[in-house]
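As structure tokens, the structure follows; a few thoughts come after it.
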Amino acid sequence: MPKSRIRKKSDFTPPPAPSKQAMAIRLTNRSWVAPVMLALFLIGLAWIVVFYVTEGDLPVQSLDNWNIVVGFGFIAAGFGVSTQWK
């Protein structure tokens, strides 16, 4: 069987360096995201646990079973805040 020809590869040339103006990317400080996210998770969890432990008397008695929705709302807000984490 005949031997195939070997193609010669050209040398790699890196792309030109970006200008200084293109490198001015502003990175914001997002150190607030993790504490707020965890706080919302814990508030939501505590809200639901307190509701079950007190058999519906606390945190807000007039909301009745909607207290569970409020607790899950805090947890959902925590997940919403977590999308800002980089």
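Treat the numbers as computed from the prediction; the structure is a model and nothing was measured.
- No continuous path of ILVMFWY side-chain contacts below 4.5 Å connects V53 to L58, so the two sit in separate hydrophobic clusters.
- By the 4.5 Å heavy-atom criterion applied to side chains, F51 and N65 are counted as neighbours.
- The minimum heavy-atom distance linking V60 with N67 is given by the pair O-ND2, 2.8 Å.
- Clustering of Ile, Leu, Val, Met, Phe, Trp and Tyr by side-chain heavy atoms under 4.5 Å joins F12 with none of the others.
- If you chain together hydrophobic residues whose side chains sit under 4.5 Å apart, V49 and W66 never meet in one group.
- Using a 4.5 Å heavy-atom threshold, the side chains of Y52 and I68 count as touching.
- Grouping the Ile, Leu, Val, Met, Phe, Trp and Tyr side chains by contacts below 4.5 angstrom, directly or via other members, places W32 with M37.
- There is no path of hydrophobic side-chain contacts, each under 4.5 Å, that joins L63 to L45.
- Every residue two or more places apart in sequence or in another chain was checked for a side-chain contact (heavy atoms from CB on, under 4.5 Å) with L42, and none qualifies.
- Screening F72, F74, F79 against F41 for a ring-ring contact (aromatic ring centres under 6.0 Å, His included) leaves a single residue, F79.
- Counting heavy atoms from C-beta outward, V33 and V81 have side chains that approach closer than 4.5 Å.
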